[in-house]
Amino acid sequence: MVERYDHKRIETFWQKEWEERKAFRVDHTTEGEKFYVLEMFPYPSGRIHMGHVRNYSIGDVLSRFLMMNGKKVLHPMGWDAFGLPAENAAIQHNIHPARWTLENIEYMRRQLKRMGLSYDWDREVSTCSPSYYRWNQWIFLKFYERDLAYRKRGSVNWCPRCSTVLANEQVEDGLCWRCESPVEQKELDQWFFRITRYAEELLEYTYRLKGWPERVLVMQRNWIGRSTGAEVIFPVVDSDEVIKVFTTRPDTLYGTTFMSLAPEHPLVERITTSERAQEVRDFVQRVRAEDRTRREKGLLDKEGVFTGAWCINPLTQKRIPVYVANFVVMEYGTGAVMAVPAHDQRDFEFARAYGLPVEVVITPPGRRLDPSTMKEAYTEEGIMVNSGPFNGIKSTEAMDRIVELLEKEGKGRRATTYRLRDWGISRQRYWGCPIPIVYCDGCGTVPVPYEELPVVLPQEVDFRGGGISPLATVRQFVETDCPRCGRRARRETDTMDTFVDSSWYFLRYISPFKEDLPFDRKEVSFWMPVDQYIGGIEHAVLHLLYARFFTKALRDIGLLDIDEPFTNLLTQGMVCKETLRCPEHGFLSQEEVDGKRCRMCGREVVVGGVEKMSKSKKNTVDPDSIIDRYGADTTRLFSLFAAPPERDLDWSEEGVEGAYRFLGRVWRLVLENIEVLRESKPCDGSKGLEGFLKEVHHVTHRTIKKVTQDIGERFHFNTAISAIMELVNLLYQWQGGKDSPIEKEVFREAVETVILLLSPFAPHICEELWQRIGNERPLYLTPWPRFDPTALEKDEIMVVVQVNGKVRARVMVPRGAEKEVVQDIAMKDPKVMEWTRNKSIKRIVYVPDRIMNIVV
RNA sequence: GCCGAAGUGGCGGAACUGGUAGACGCGCUAGAUUCAGGAUCUAGUGGGCGCAAGCCCAUGGGGGUUCGAAUCCCCCCUUCGGCACCA
């Protein structure tokens with residue numbers, strides 16, 4: 001019996017070794033062929049979860065693979081360390097957010113090190129450290145100078161549970177993205193980043209990011225939500241006021257029969273006639289009190305009220321009534337809609353409800369529409385009618401022509417609107433980056449001078465009060481002198497959204513010690529953009545859009561010379577597991593189940609569907625316990641083998657055992673042959689190899705080729721691993737001895753190859769075996785193996801023979817044989833003869849060295 | 001409603017540009033080893049018919065293109081994800 005595979009000892013040993021030798025440190029020179037591998041940094045919530053394990057395993061395989069292939073690889077790790085959970089923990093457990101966060105970082109760093117990840121820990125960055133967030137403030141000031149940061153009072157999303165404001169991107173279905181509480185609206189003074197200035201560029205570049213998954217790009221396009229059309233001016237009758245509308249359908253302008261304003265529209269108050277005033281005011285108040293989410297989701301019936309005012313259709317000069325309607329939102333377009341009931345479903349419903357006229361201006365080809373009997377709006381294109389000079393032309397053509405007419409007469413213009421809103425970054429919480437602004441009664445809003453940065457977050461704060469920013473209670477913080485006039489002034493007490501922190505952290509990794517600037521220009525132009533970014537799909541819009549915006553803004557400030565931060569993006573799937581349920585006690589964890597029964601009540605447990613691991617469903621698996629039991633190598637191997645990275649992964653204990661078994665097989669393969677391996681060199685070339693030896697040599701090189709392509713080109717780690725398994729299986733088939741030099745050499749080459757190819761996945765065991773077979777140089781400094789094309793060539797090749805598309809035989813032919821030669825061989829095959837007997841051959845298709853199809 | 005992704009054995013998944021469907025792993029079955037269990041090794045494992053050689057069927061369903069389709073085209077169904085009174 002050989003020594004057993006002791007993962008604990010091996011993994012501890014090699015982790016210490018890598019750490020002491022600073023194996024994965026990358027110097028600050030800017031020479032060589034660079035590759036920047038980045039994984040989304042974690043929030044230090046306490047412990048890592050399987051999603052992290054998967055994310056970081058993917059990055060590590062790639063990183064180690066590229067290092068062995070001679071690339072200069074930057075592979076850093078850090079902490080997205082500001083955020084609400086720290087503050088909530090502080091409130092619940094009376095521990096300071098800073099301590100809570102730092103302790104979590106300590107713990108999680110140890111967990112990551114236990115996974116054997118190849119990070120350059122010298123570049124570790126933590127966003128809650130003043131040496132990091134001072135540059136947040138610095139960038140904020142640069143944004144402020146360029147009017148990319150501004151303050152405005154407005155209706156904002158308020159999460160009562162988190163007692164803070166949320167950006168639009170952080171509201172999902174009307175619920176807070178973090179705690180799922182219903183979001184309310186509040187009027188507050190808030191800081192915004194003018195991301196809308198980049199709306200067009202952000203959109204345009206989604207068509208150039210070839211290395212991003214299509215679905216992420218689509219989500220971003222939807223989010224930016226560009227629509228093109230026209231802005232049209234409708235003068236109000238007996239008034240100097242005009243109503244501006246945005247429409248994507250200028251072709252329907254002649255069919256406008258009324259006007260709808262958003263209840264929040266400023267004109268409502270000004271144009272409503274006195275006899276309608278009370279009714280309108282009641283209506284506006286009622287709608288504004290309505291549940292915002294229901295209103296936004298379109299769940300309410302179309303309702304409205306007449307203002308008493310009329311406006312003029314600029315093309316027809318017809319008077320049309322102005323309504324206030326609950327389905328018009330102030331935030332989009334101009335907050336006013338020209339209503340064309342015949343050609344817009346919402347307007348149609350509204351018109352029917354209030355008895356307003358429906359006028360058809362576009363007819364479907366070859367059909368006529370009757371306004372009195374229409375059941376729904378006709379929204380397709382067609383032929384123009386009742387549209388003055390445009391009658392008879394196609395509606396698609398009329399679009400442009402009508403806009404031209406409007407522009408000529410000064411009644412409107414071509415216009416584009418976006419769904420994207422500016423990014424509200426103020427947060428009424430403590431544990432975040434202070435906004436470097438001072439308010440002075442004399443000077444107004446004054447930026448903190450650069451030389452006074454950082455504005456340090458004070459330690460002693462009572463953050464238990466709800467509703468206002470905790471910093472507002474700290475007098476020593478709030479009270480300051482105006483940097484401009486020196487008189488007493490007040491500091492801004494909100495902190496920044498933590499998505500600001502993560503919008504540029506990948507730049508700080510490049511020069512984490514830079515004192516005078518956020519990052520070093522020269523180093524950044526060497527390393528950026530990130531060549532491969534890896535993370536979860538949940539950031540498809542949030543973080544990934546913000547980081548793109550930051551990159552463009554920093555470029556325009558003159559700090560960067562790239563347009564996009566991430567060349568290639570890999571969005572890994574979720575880690576899922578089956579759920580267990582007790583009819584009485586709900587979801588159960590593995591520990592709460594005894595056999596097939598609930599430990600609490602003894603009732604039979606229902607095995608539910610495979611769902612994303614979550615605490616609430618109690619189907620999580622703790623990485624620590626898996627690493628304890630099977631080791632980091634097994635854990636990594638399984639999470640990469642069970643599914644391709646972008647797909648969801650079903651966690652299975654049996655699968656983990658399978659991975660463990662495989663590593664055991666590799667371990668025994670080496671140790672059972674340790675003498676043979678030690679006393680030989682790998683063979684060089686395929687000369688003189690016959691039979692099984694030739695087969696082993698051939699498969700060895702075929703595996704090098706496949707694994708190299710699967711890792712480097714396709715990220716198909718699962719198939720790479722299965723190819724290595726096949727090679728190992730073949731070596732277990734070795735029947736004869738390993739006595740002659742040639743046998744030893746072939747075997748040694750094959751085993752070395754297995755170790756090298758497996759090392760990015762399972763680095764500890766491979767490093768150990770590599771050393772044991774007598775290598776001095778550590779594996780992580782050893783070049784990746786290259787395949788020998790001549791070893792891949794076979795003299796004889798199996799060709800599949802089909803008759804009428806059905807496989808009937810397989811024949812061996814010399815490689816590269818002519819069609820006629822193969823045909824002769826095939827026709828002599830008894831099976832083929834049987835199927836072609838008494839039949840006339842119509843055609844023979846031959847794909848060289850692969851397949852022959854005989855059509856009879 | 002619109003947009004996107006995906007449907008392959010008992011399960012996770014292979015099949016690169018149309019060319020042996022089911023690699024690899026899990027699970028299951030049998031054998032070897034063992035006092036026994038575990039571990040390990042070997043063999044088998046899509047379905048149907050057959051003693052067997054073998055034949056037929058099979059990649060969500062239906063049609064088509066092709067010598068040949070999981071892969072290309074058309075129609076439909078299901079699941080997941082995103083957006084949605086967006087003018």
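Source: prediction; values computed, not measured. In what follows, chains are A, B, ... by sequence order, proteins preceding strands, each numbered from 1.
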A.B. asks: Taking atom C1' in both rA6(B) and rC57(B), what distance in whole Å separates the two?
C.D. replies: 26 Å
A.B. asks: When you check the phosphate oxygens OP1 and OP2 of rG4(B), does a side-chain N or O of R221(A) lie under 4.0 Å from one of them?
C.D. replies: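 Result: no.
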A.B. asks: Do the side-chain N or O atoms of N729(A) get closer than 4.0 angstrom to the phosphate oxygens (OP1, OP2) of rG25(B)?
C.D. replies: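 Checking rG25(B) against N729(A), a side-chain N or O does come within under 4.0 Å of OP1 or OP2.
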A.B. asks: Contact class for G225(A) (heavy atom, under 4.0 Å): base, sugar-phosphate, or nothing?
C.D. replies: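 The answer is nothing, as G225(A) stays clear of every strand by at least 4.0 Å.
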A.B. asks: Just checking N804(A): base, sugar-phosphate only, or nothing, at a heavy-atom cut-off of under 4.0 Å?
C.D. replies: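 If one applies the 4.0 Å heavy-atom cut-off, N804(A) turns out to touch nothing in the nucleic acid.
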A.B. asks: Would you say that F258(A) contacts P341(A) through its side chain, given a criterion of any heavy-atom pair below 4.5 Å between the two side chains?
C.D. replies: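 Yes, close enough: below the 4.5 Å cut-off.
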A.B. asks: Under 4.0 Å between any heavy atoms, over every strand shown, what does Y732(A) touch: base, sugar-phosphate, or nothing? Just pick one.
C.D. replies: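 Sugar-phosphate: the residue Y732(A), judged by heavy atoms under 4.0 Å, touches backbone atoms but no base.
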A.B. asks: To the nearest Å, how far apart are H539(A) NE2 and rG81(B) C1'?
C.D. replies: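 Those two atoms, NE2 and C1', are 17 Å apart.
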A.B. asks: Please check if the distance between the ring centroids of Y323(A) and F350(A) is under 6.0 Å.
C.D. replies: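 Distance test on ring centres: under 6.0 Å, yes.
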A.B. asks: Pairing donors with acceptors under 3.5 angstrom, does anything connect the side chains of E359(A) and Y254(A)?
C.D. replies: no
A.B. asks: Touch check for R419(A), heavy atoms < 4.0 angstrom, all strands: base, sugar-phosphate only, or nothing?
C.D. replies: base
A.B. asks: Can you tell me how far P in rC55(B) sits from the matching atom in rC41(B), rounded to whole Å?
C.D. replies: 35 Å
A.B. asks: When the P atoms of rA69(B) and rC51(B) are compared, how many Å lie between them, rounded to an integer?
C.D. replies: 32 Å
A.B. asks: Scan V218(A) against the nucleic acid and name what it touches under 4.0 Å (heavy atoms): base, sugar-phosphate only, or nothing.
C.D. replies: sugar-phosphate
A.B. asks: Pick out the pairs of N or O atoms, protein on one side and nucleotides 47-58 of chain B on the other, that lie under 3.5 Å.
C.D. replies:
unit_1: rG54(B); atom_1: O3'; unit_2: K831(A); atom_2: NZ; d: 3.2
unit_1: rC55(B); atom_1: OP1; unit_2: R808(A); atom_2: NH1; d: 3.3
unit_1: rC55(B); atom_1: OP1; unit_2: K831(A); atom_2: NZ; d: 3.3
unit_1: rC55(B); atom_1: OP1; unit_2: W835(A); atom_2: NE1; d: 3.4
unit_1: rC56(B); atom_1: OP1; unit_2: R808(A); atom_2: NH2; d: 3.3
unit_1: rC56(B); atom_1: OP2; unit_2: R808(A); atom_2: NH1; d: 3.2
unit_1: rC57(B); atom_1: OP2; unit_2: K806(A); atom_2: NZ; d: 3.3

A.B. asks: Please state how far atom CG in L669(A) lies from atom P in rC41(B), giving the value in whole angstrom units.
C.D. replies: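 Going from CG in L669(A) over to P in rC41(B) covers 11 Å.
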A.B. asks: Pick the C1' atom in rG37(B) and in rG44(B), then give their distance to the nearest Å.
C.D. replies: 24 Å
A.B. asks: Report yes if some heavy atom in the side chain of F717(A) is under 4.5 Å from a heavy atom in the side chain of F761(A); otherwise report no.
C.D. replies: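 Yes, their side chains come closer than 4.5 Å.
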A.B. asks: Taking atom types as they are modelled, would you say the side chain of K302(A) forms a donor-acceptor pair with the base of rC85(B) within the 3.5 Å cutoff?
C.D. replies: yes
A.B. asks: Can you check the distance between rA21(B) and rA15(B), where both ends of the measurement are the C1' atom (answer in whole Å)?
C.D. replies: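 Here rA21(B) and rA15(B) have their C1' atoms 7 Å from each other.
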A.B. asks: Does either side chain, that of D710(A) or that of T719(A), offer a donor lying less than 3.5 Å from an acceptor on the other one?
C.D. replies: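 Side chains of D710(A) and T719(A): pair found under 3.5 Å.
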A.B. asks: Indicate, with a heavy-atom threshold strictly under 4.0 Å, whether Q802(A) touches base, sugar-phosphate, or nothing.
C.D. replies: base
A.B. asks: So what does E654(A) touch, heavy atoms closer than 4.0 Å: a base, only the sugar-phosphate, or nothing?
C.D. replies: sugar-phosphate
A.B. asks: Using a cut-off of 4.0 Å on non-hydrogen atoms, how would the nucleic acid contact of T248(A) be classed: base, sugar-phosphate, or nothing?
C.D. replies: sugar-phosphate
A.B. asks: Among Y5(A), W667(A), F641(A), which residue satisfies the ring pair (Phe, Tyr, Trp, His ring centres under 6.0 Å) criterion with Y660(A)?
C.D. replies: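 Of the listed residues Y5(A), W667(A), F641(A), the ring pair (Phe, Tyr, Trp, His ring centres under 6.0 Å) partner of Y660(A) is Y5(A).
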A.B. asks: Report which part of the nucleic acid V855(A) touches: base, sugar-phosphate, or nothing (heavy-atom distance under 4.0 Å, all strands).
C.D. replies: sugar-phosphate
A.B. asks: Set out, line by line, the N/O atom pairs under 3.5 Å between protein and nucleotides 14-16 of chain B.
C.D. replies:
unit_1: rA14(B); atom_1: OP1; unit_2: N718(A); atom_2: ND2; d: 3.3
unit_1: rA14(B); atom_1: OP2; unit_2: R647(A); atom_2: NH2; d: 3.1
unit_1: rA15(B); atom_1: OP1; unit_2: R714(A); atom_2: NH2; d: 3.1

A.B. asks: Quantified in whole Å, what is the P atom distance between nucleotide rC76(B) and nucleotide rG4(B)?
C.D. replies: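 My reading of the P atoms in rC76(B) and rG4(B) gives 15 Å.
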A.B. asks: What I want to check is whether the side chains of N326(A) and K302(A) have a donor and an acceptor closer together than 3.5 Å.
C.D. replies: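 Looking only at side-chain atoms, K302(A) and N326(A) do not form any donor-acceptor pair under 3.5 Å.
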